[in-house]
Structures are given as structure tokens and as C-alpha cells.
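Below is one structure, written out as C-alpha cells; comments come after it.
Since this is a predicted model, take the numbers as computed values, not measurements. Numbers here are sequence positions counted from 1.
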Amino acid sequence: MIKPNFRHEINGKQLAICIAQDYKTGQVLMVAYIDEEAFNKTIETHKAHYYSTSRNKIWFKGEESGHVQNVKEILIDCDEDAILLKVEQNGGACHTGHYSCFYKQVSSDASEITEIDDTLFNPDEVYTH
């Protein structure tokens, strides 16, 4: 099995950058980190697993919300230190309740930010912490 270049170190953990993209539309849903164990679990289950740098543990996307990412395709960049997961997103990808984490648009002069998408769910009703 191939092993990506987990060269980004955070809290003593070797990680790679991981981008989740809607496999049908190409919309970027989120950016996270992934370690070797999460990468292997993603390969084995065809469901996205990441490494949470804030909780210092493997995180199965959707473990609390039920908004699982079914992995359709995995790509790796030229340096093999960034992974692109093309996924079928069930529900919202963002913990704020949005479909994508990229729902804030910066104005051309960078003077303001506008939310360009509505929420799909209320995070206070989904997450227990």
C-alpha cells in the first residue's frame, strides 16, 4: 500500500493535508489533516477519516452528526503530502451547519465578508459538545 508523505508536524504528530471535494460538483467542502492511521481507515472503509489536531485523535467524519463522507476517489499531489478525497457528502460537511466550510466570500477590496450559503442544519441540535 502506498504511504503518503506525512511531513507536516503538529503536536508531535506527522500529518498530511487532506481536502474533501464533492465528487459530482467539484465544490471544495473542507480541509483537514490526516495521519497514517486515518488514511488507512479511509482506504479500508471508503468513508472519510481525519486526524483532529484540536482533540488529538482520529475522527470519523460523521461520527456525531451522521453526515458521513463516502469516498469515491482518492488523489495525491506531486509531493505526496496532500490528499484529495472526492466524496459523496451526506448532509453538511461543516460543523457550522453549512454544506461546505467555504461559505464566506471576501469582497474584492477585502473590506467585508458575506455568507453566501444557507445552513442545512442547526449545529446546536446535532453536536453534544
With rounding to the nearest 0.5 Å, note down the distance linking CD1 in I76 to SG in C18.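 Result: 10.0 Å between the selected atoms.
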Reported OH-to-CD distance for the pair Y23 and Q69, which is rounded to 0.5 angstrom: 13.0 Å
Apply the hydrophobic cluster definition, ILVMFWY joined by side-chain contacts under 4.5 Å directly or through others, and give me every member besides Y51.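 Joined to Y51, directly or through intermediates: I10, L15, I17, I19, V28, V31, Y33, I58, L75, L84, F102.
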Please confirm whether the backbone N or O of [Y] pairs with a side-chain atom of [X], one donor and one acceptor, at under 3.5 Å?
{"X": "T114", "Y": "I116", "result": "no"}
{"X": "E73", "Y": "K86", "result": "no"}
{"X": "D77", "Y": "A82", "result": "yes"}

What heavy-atom pair brings [X] and [Y] nearest, and what distance separates the two atoms?
{"X": "E80", "Y": "K3", "value": "OE1-O, 4.5 Å"}
{"X": "P123", "Y": "T96", "value": "CG-O, 3.5 Å"}
{"X": "I74", "Y": "F39", "value": "CG2-CE1, 4.5 Å"}
{"X": "P4", "Y": "I83", "value": "CG-CD1, 3.8 Å"}
{"X": "A16", "Y": "F6", "value": "N-CD2, 3.6 Å"}

In the structure I gave you, are the side-chain heavy atoms of H95 and Y127 within less than 4.5 Å of one another anywhere? yes
What residues form a side chain to side chain contact (heavy atoms under 4.5 Å, CB included) with [X], not counting sequence neighbours?
{"X": "T119", "result": "H98"}
{"X": "K57", "result": "R55, E63"}
{"X": "A32", "result": "M30, Y50, W59"}
{"X": "D109", "result": "S107, S111"}

Where do K72 and E88 land on the side chain to side chain contact (heavy atoms under 4.5 Å, CB included) test, with the steps shown first? CA-CA 7 Å; K72 300 295 188 179; E88 174 186 37; 3.9 Å; yes
In this structure, which one of D118, D22, D117 forms a side chain to side chain donor-acceptor pair (under 3.5 Å) with Y99?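 Exactly one candidate clears the test, D22.
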Between H49 and the options L85, T42, V71, the side-chain contact (heavy atoms from CB on, under 4.5 Å) test singles out T42
All pairs passing side-chain hydrogen bond (donor to acceptor under 3.5 Å, both in side chains) where residues 9-19 contributes a residue, at least two apart: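 For residues 9-19, and leaving out neighbouring residues, the side-chain hydrogen bond (donor to acceptor under 3.5 Å, both in side chains) pairs sorted by first residue read N11-N56, K13-D35.
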Report yes if the distance between the aromatic ring centroids of F121 and H67 is under 6.0 Å, otherwise no. yes
